[in-house]
Amino acid sequence: MAKSYLHLITDNVEEYLRDESRTVGSAESISFPRSEEDVRGILRELGGKTPVTVQGARTGLAAGAVPFGGHILNLTRLNRVLGLRENLDGEFSVILQPGVALSVLRKCIADKKFDTEGWDAESLCIYEIFKEAPRKFFPPDPTEVSATVGGMVSCNASGAKSFRYGATRGYVKALRVVLTDGDVIALRRGENFADGRTLTLMTEGGRLIKLRLPSYNVPATKSASGYYIKDDMDAIDLFIGMDGTLGVITEIEVSLLPLSHVIWGAMFFFKDEASCIDFVIRARKSGSGKIAALEYFDSNVLEILREQRRTNPSFSRLPLPSDEFSFSIYAELHCNSEEEAARELFALGECMEASGGSERDTWVSRTALEYNALIGFRHAAPECVNMIIDRRKKEHPSITKLGTDLSVPDEHLAEIMAMYHAMLAERNLQYAIWGHIGSNHVHVNIIPQDENDYKEGKALYNIWAKRIVKMGGAVSAEHGIGKIKADQFRMMYEPVHFREMRRLKLALDPNGIFGRGTIFRWEDDDE
Amino acid sequence: MKIAVCIKQVPSTNKVRMDPVTNTIIRDGKDAVINPYDLFALELAITLSERYGAHVTAFSMGIPATESLLRDAVARGISGAVLLTDRAFAGADTLATSYTLARGIASAGKFDLILCGRMAIDGDTAQIGPELAEALGIPHVSGVSEIISLSENKAIAVRLTDSAAETLEIALPALLTIQKDINIPRMPSIAGIRRSLAEGFTLKRAADISADPRRLGLDGSPTQVVRTFVPQADKLSETIEGTAAEKTAKLLGIIGEVRK
């Protein structure tokens, strides 16, 4: 008898029942494949009926990797870099398995050092060229660098620098996806397009799958909300952001960009929010394309940081602006020369003066040491809020931080910021807002004092979700729908669209075994 | 009140290249930063200029590329900068460097207070401050953590020792070397960077500072570096995989091996 890949769930593997969303699920068995062949073997052994939840490093914030029964297919040991490619334009790409951690990929690229065991002759030859070529980087930058690249593709992850570089989608050149029956779809960007809303896929086993794509239109804003659908879309895009619901990604090719020679960061301090938002709008319009990130911190963030610096020795050396400033923006410039960076910086300075701020009230980091100081400032905000929550949890164990992930189109930025502040103040809830204001995507963090606050905060989050959907926004801009946002996701589209999504899923996964409860609740749209 | 601050260019990485002949660090200006210790002296000088209206000038002896670091110092809020650069200065040890700095400072006018970082992160000698004071013939205090007050002819400063904090009254002009971590050095502002790029810059060569050529550079350096080497250091990392129990077992095994 062939050796079984499946391990029963015991106390030893309990950690695999949860992710960073702190949702806890259940499962009967787990496996850790090391090859695509293993994945196919496992699916065969499961027999096509058992629900399967695909997992990466479980760093997700929406419970996409949390199992709701059945089997856990954990891909963290499918973690080899398989080779390098270079196209005619001199653009390099890396072929890797989905369990490679972002931190590992980044280090390999930065050090130009790969484990080449088992690489083909083409990869080895390109590796030699890569070593001599100017430095490259992989742009997607979620905060959690222990995330796997497979997880990033699965939820189309983004981060602060997505303002310039976009989400993971833009860097995925090819995918291999194993379907429930073990058959494989190999996809390469630019090779297979839908005809309107009809998409035909050919499996390696020679099966033709015809898909009717749902009829909704995805929001024209930063979004990680459900399947990406467009007229005449590239087939590969359907599988980026599918949150583990259509198949198992077993191989990924990602493209790299040349690393900018000069990276400067700058903090801009404002006395009032109106000037701060006006600055963002002007900076965005200046449109030089060199601004990699535009991040916002509200007055409550600065208050929390000031309090921490007063009372917590580990924050005693945190740089902070003087008390007259309440709002701040972080901008990062990626340029080819210091002259160019200075021009870009001065243009931002002019935006600041035009918004009623002063160029004197800025900090510019031009060295690694000071760049790290600004990064420290950015990371201190979530760290401090988590510390406050952990303290309060001791008395009120059921509360957690409520962090929003809503985005809207450009023209609604000032409106949503005013809405957040006003509605939170009305309810007397403690909060701090920070995040990707360049993409109209800030994380409102409600910090509940007790269970009542928690309930009220949750209700408020749902009210906002409804409102931003009306503005053409997305209920998840970057964390993905997963399981915990499935209810909010239903606000984005009509019931008919959910039936269409279900039909699409069933065409690829006839028994609906992959990612039950992710993106949509399985039982809701049963026809 | 006129204050001079001395700053040094140091490599921003610990991967420095050594000249195999002279055994000195090759300084090509790439990835160079202001010595982090000097930033505390610079920040102190800026706060003194805000408090007492003092006029602050930065001095550095270095290759022409050091200009960008002096402009950076100006961007942080000081009045001006002087770069002492000449082939004749190359290969200087601390004695020749402090002589050159002393000549440079003396040629730029009369200063009431001279501030230096406690030491540089590359040479680690902590000799320049005291030697410079000797060369200028003025008193010095090393390891100052606070300046309580400053007047026309005296400064009251606190110096930390291993066992105590000494409060000292110092007759000016004097030189102080500044302890690390006594302040949070400010970053330059956009307005400061504009000013630093727009304003003129003083460059002085050996001939401009009436220096004795025999006391400059390699010729004026009695220190002979016989050999330098990078200490061997091994760092291995291993990712431990598996279930919690498997990982624990593997980790225990590794700890056991290390203890042997």
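To find a chain, count down the sequence lines: A is the first, B the second, and so on, and within it residues start at 1.
- Ion pairing of A:Glu353 with B:Arg194 is absent here, as no side-chain N (NZ or NE/NH1/NH2) approaches a carboxylate O to less than 4.0 Å.
- For B:Lys180, the NZ atom counts as loosely surrounded, since its 6.0 Å shell holds 12 or fewer non-hydrogen atoms of other residues, nucleotides or ligands.
- Per-residue counts of heavy-atom pairs under 4.5 Å with chain B were compared for A:Tyr16, A:Phe32, A:Trp363; the largest is that of A:Trp363.
- A pairwise comparison of heavy atoms in A:Val364 and B:Met187 identifies O-CB, 3.6 Å as the closest pair.
- No part of B:Ile34 comes within reach of chain A, as not one of its non-hydrogen atoms sits under 4.5 angstrom from that chain.
- When all heavy atoms are compared, the tightest approach of A:Arg317 to B:Asp181 is NH1-O, 3.1 Å.
- Identified by a heavy-atom distance below 4.5 Å to chain A, the contributing residues of residues 237-252 of chain B are B:Glu241, B:Gly242, B:Thr243, B:Ala244, B:Ala245, B:Glu246, B:Lys247, in residue-number order.
- Using a 4.0 Å cut-off between a side-chain N of Lys or Arg and a carboxylate O of Asp or Glu, A:Glu338 and B:Arg71 do not qualify as a salt bridge.
- The shortest heavy-atom contact between A:Ala342 and B:Leu197 is CB-CD1, 4.4 Å.
- Only the side chain of A:Asn79 comes within contact range of chain B, with at least one heavy atom under 4.5 Å from a heavy atom of that chain.
- In this structure, chain B has no heavy atom under 4.5 Å from any part of A:Ile30.
- For B:Ala165, the side chain to side chain contact (heavy atoms under 4.5 Å, CB included) partners at least two apart in sequence or on another chain are B:Val158, B:Leu160.
- Applying the 6.0 Å contact sphere to CZ of A:Arg135 captures no more than 12 heavy atoms from other residues, nucleotides or ligands.
- Remark: A:Glu117 CD is loosely packed, at most 12 non-hydrogen atoms of other residues, nucleotides or ligands lying under 6.0 Å away.
- A:Pro319 is not listed as a side-chain neighbour of B:Arg186, based on a closest heavy-atom distance of 4.5 Å or more.
- Summarising the geometry, atom CZ belonging to A:Phe269 is positioned 11.5 Å from atom OG belonging to B:Ser189; distances are rounded to the nearest 0.5 Å.
- Remark: A:Thr362 OG1 to B:Ile193 CD1 distance equals 7.0 Å, nearest 0.5 Å.
- If you measure heavy-atom distances from B:Asn183 to chain A, the contacts under 4.5 Å come from the backbone alone.
- Without hydrogens or angle criteria, A:Arg360 side chain to B:Ile190 main chain gives no donor-acceptor distance under 3.5 Å.
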